[in-house]
Amino acid sequence: MTIDEQLDFLRKGTVEIIRAEDLRVKLERSARTGKPLRVKLGTDPTAPDIHLGHTVVLRKLRAFQELGHTVIFLIGDFTGLIGDPSGKSSTRPQLTRAEIDANAETYKQQIYKVLDPAKTELRFNSEWMDKLGAEGFIRLAAHVTVKQILERDDFEQRLAENRPLALHEVLYPLVMAYDSVALAADVELGGTDQKFNLLMGRNLQREYGQEPQAVVIMPLLEGTDGVQKMSKSLGNYIGINEPPNEIFGKVMSISDELMWRYYELSTDLTSAEIAALRASAESGARNPRDIKVELAKRIVADFHTATDADAAEEEFNRIFKRKEAPDEVEERTIAASAYKLPRLLVDVNLAPSMAEARRLIEQGGVRVDGERRTRVDDEVALQKDQTMLVQVGKRRFLRVRGV
RNA sequence: GCAGGGGUGGUCGAGUGGUUAAUGGCACCGGGCUGUAAACCCGGCGGGUUCACACCCUACGUAGGUUCGAAUCCUACCCCCUGCACCA
């Protein structure tokens, strides 16, 4: 690829590249010298369960790897050990060394579903931060003015609105920026929420006499609700370690509008290919549902296999198109006896409380052996070794066996 | 330390002595329509007993108190926020 082609390739899906010209210079130099670029991604060791949102940036990193560059996957263990000492942010707990190590392991297992391990360096920022010490850190802080720090939007806002802003919060961007210096990063990737921190890296590198890193900013992928960014705590995520059927189902539940976002940010299709799909949906030539099936299969195949994707589709059709029971249903045993229906649901964990069970029944959400049961006082007799299929809602099935 | 404001169900946010398990929005759950899309419609949304009418328990930061009766009043305590003061 020519440098221009490379730039175009890297640009797909990005929000912004700062500055594109800097990136070009770096790409050119790398091509000339044969020395790969060092492409950094900083991450928090808190939530090691990677979801589709994280993969947006990971995919971009892989794009760099495909061009021969080196990815530095940086785990911010130093900041993780400190967390948010004020304890206000539950998303930033203080972690122990052991927890961080365990999380790092989990990261490793997951990121290589996207990244090429041969071109990935895994680093920890405690490597240099531990050595820095209080003195070093204050020296570091001397390179940045308060005004510069306060340029960050949310800091400025919170100040303006008289909301609290703790000192450690303004210090963290410094740590992240210093990571870029320590690593002599050529490029750093991040989501739009990281823009300030990424730019801080540029500034600090300049202060330390390094050539500023190019910054590649990726959009934040919306979660399955289509509104808020995907995150575990909001429960709107698609985890890459989830079983194929789950991933498939979750993708199928996203809105049509959101589907195009996912196509753009979570598949390798080119912008032109996506535009063509979109046109076929809008003209009515194709049912959007089928295009979504295709998306779901692609995403499943990315984290599992193409065979898994086919199986997931088949299972999905079985349950939702043909309204049959799934291929494999979890089985639970329970003492053979006669049960009041709500009691049964609670005993096998299909409902959290009797009140909830009753509601489900009254509202027509419960089927036993395929038959809808709406009477709360019904009794179900379960003989020894007899099984029955209990369904709650559209997708929760359980085979209950008497013992 | 001083002053002011505030702590209500998953969340936001009403409620300032009594039909208040607590208005409303969001989220969530079940049903309907569909393509498990969106939009929309219906129902639900602390727990327990009951076929059911109904009854009981728990809940408005914590602990006491006043009252026939408190989320609402009083006292103490805890926590949060803002400002002031301090900044050698």
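Here is how names work: the chains are called A, B, and so on, in the same order as the sequence lines, proteins then strands, and each is numbered from 1.
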Tell me whether the guanidinium CZ or amine NZ of A:K292 lies under 6.0 angstrom from the six-membered ring centre of A:Y263 and within 45° of its axis.
->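 Here A:K292 fails the 6.0 Å and 45° test against A:Y263.
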Side chain of A:K292 only, please: which of B:U49, B:G35, B:G31 is the nearest?
->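 Nucleotide nearest to A:K292's side chain: B:G35.
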Among B:A38, B:U49, B:U36, which is the nearest nucleotide to the side chain of A:R343?
->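 Closest nucleotide to the A:R343 side chain: B:U49.
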Kindly say whether the aromatic ring centers of A:F137 and A:Y178 come within a distance under 6.0 Å.
->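 Here the rings of A:Y178 and A:F137 have centres that are no less than 6.0 Å from each other.
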What's touching nucleotides 51-60 of chain B from the protein side, N or O pairs under 3.5 Å?
residue	atom	partner	partner atom	Å
B:C51	OP2	A:K340	NZ	3.4

Is any side-chain N or O of A:D290 under 3.5 Å from a base N or O of B:G35, one able to act as donor and the other as acceptor?
->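 For A:D290, whose side chain was compared with the base of B:G35, there is no donor-acceptor pair (under 3.5 Å).
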List, with names and distances, any nitrogen or oxygen atoms from the protein found under 3.5 Å away from nitrogen or oxygen atoms belonging to nucleotides 39-45 of chain B.
residue	atom	partner	partner atom	Å
B:G43	O2'	A:Q363	OE1	3.1
B:G43	N2	A:Q363	OE1	3.2
B:G43	N2	A:Q363	NE2	3.1
B:G43	N3	A:Q363	OE1	2.8
B:G44	O4'	A:Q363	OE1	3.1
B:G44	O2'	A:R359	NE	3.4

With heavy atoms under 4.0 Å as the rule, sort A:R375 into base, sugar-phosphate or nothing.
->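 A:R375: no heavy atom of the nucleic acid under 4.0 Å.
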Have a look at A:I254 and say if it touches a base, only the backbone sugar-phosphate, or nothing, with a 4.0 Å heavy-atom cut-off.
->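 Result for A:I254 = sugar-phosphate.
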Between atom CD in A:Q391 and atom C1' in B:G30, what is the gap in whole Å?
->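 In whole Å, B:G30 C1' lies 12 Å from A:Q391 CD.
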Watson-Crick or G-U wobble partner of B:G4, both distances under 3.5 Å =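 Pair assignment: B:G4 / B:C81.
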Under 3.5 Å: donor-acceptor pair, side chain of A:K394, backbone of A:F320 |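 No, the answer is negative, given that no donor and acceptor are paired below the 3.5 Å cut-off.
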Enter the distance from A:I100:CD1 to A:F78:CZ here, rounded to the nearest 0.5 Å.
->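 Result: 11.0 Å between the selected atoms.
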Are A:R298 and A:D302 close enough for a salt bridge, meaning some N to O gap below 4.0 Å?
->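 The answer is no: the pair does not qualify as a salt bridge.
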